[in-house]
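First comes the structure, then the notes that go with it.
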Amino acid sequence: MLRAADHPGRREYRVGASTVATLLANAVAPGLLDRYLARTGFDSQQTRAHPPAEGRGNLWEPADETEDYGAHGVFDDQAHASSPQAWAGRHRVGRALAAAGLAGAGYAVLRRVRS
């Protein structure tokens with residue numbers, strides 16, 4: 001999110017693999033995806049876990065005057081430190097080279113199979 005704020009030149013940023021998967025599924029079967037998300041979308045974002053009682057919250061002000069602890073909570077164990085999709089969005093040349101390499105490898109395999 002910080003990168004999007006620091007680089008406002010792009011119209012949109014797709015954050016996370018689940019966003020890309022959702023866009024692809026919506027392109028293939030939009031009605032099916034709508035029904036699935038209507039049934040599961042809200043509940044999948046909820047938890048019965050309560051935040052720890054100690055310390056102040058950070059909704060209206062930083063939790064500490066001298067340090068930024070970032071956004072952490074009960075979902076930290078499910079978070080990922082990096083994203084291949086975010087990397088691909090930042091490195092367009094690398095993405096093009098990877099696609100060219102895959103196309104070349106596919107072509108080489110096809111030639112080998114046909115001969």
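Numbering starts at 1 and runs along the sequence shown.
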#### Entry: Leu97: side-chain contact (heavy atoms from CB on, under 4.5 Å) partners, not counting sequence neighbours
Val93
### Summary
Quick note, side-chain hydrogen bond (donor to acceptor under 3.5 Å, both in side chains) partners involving residues 96-114, not counting sequence neighbours, are Tyr107-Arg111
## Note on the structure
residues 22-31 vs side-chain hydrogen bond (donor to acceptor under 3.5 Å, both in side chains), sequence neighbours excluded, gives none
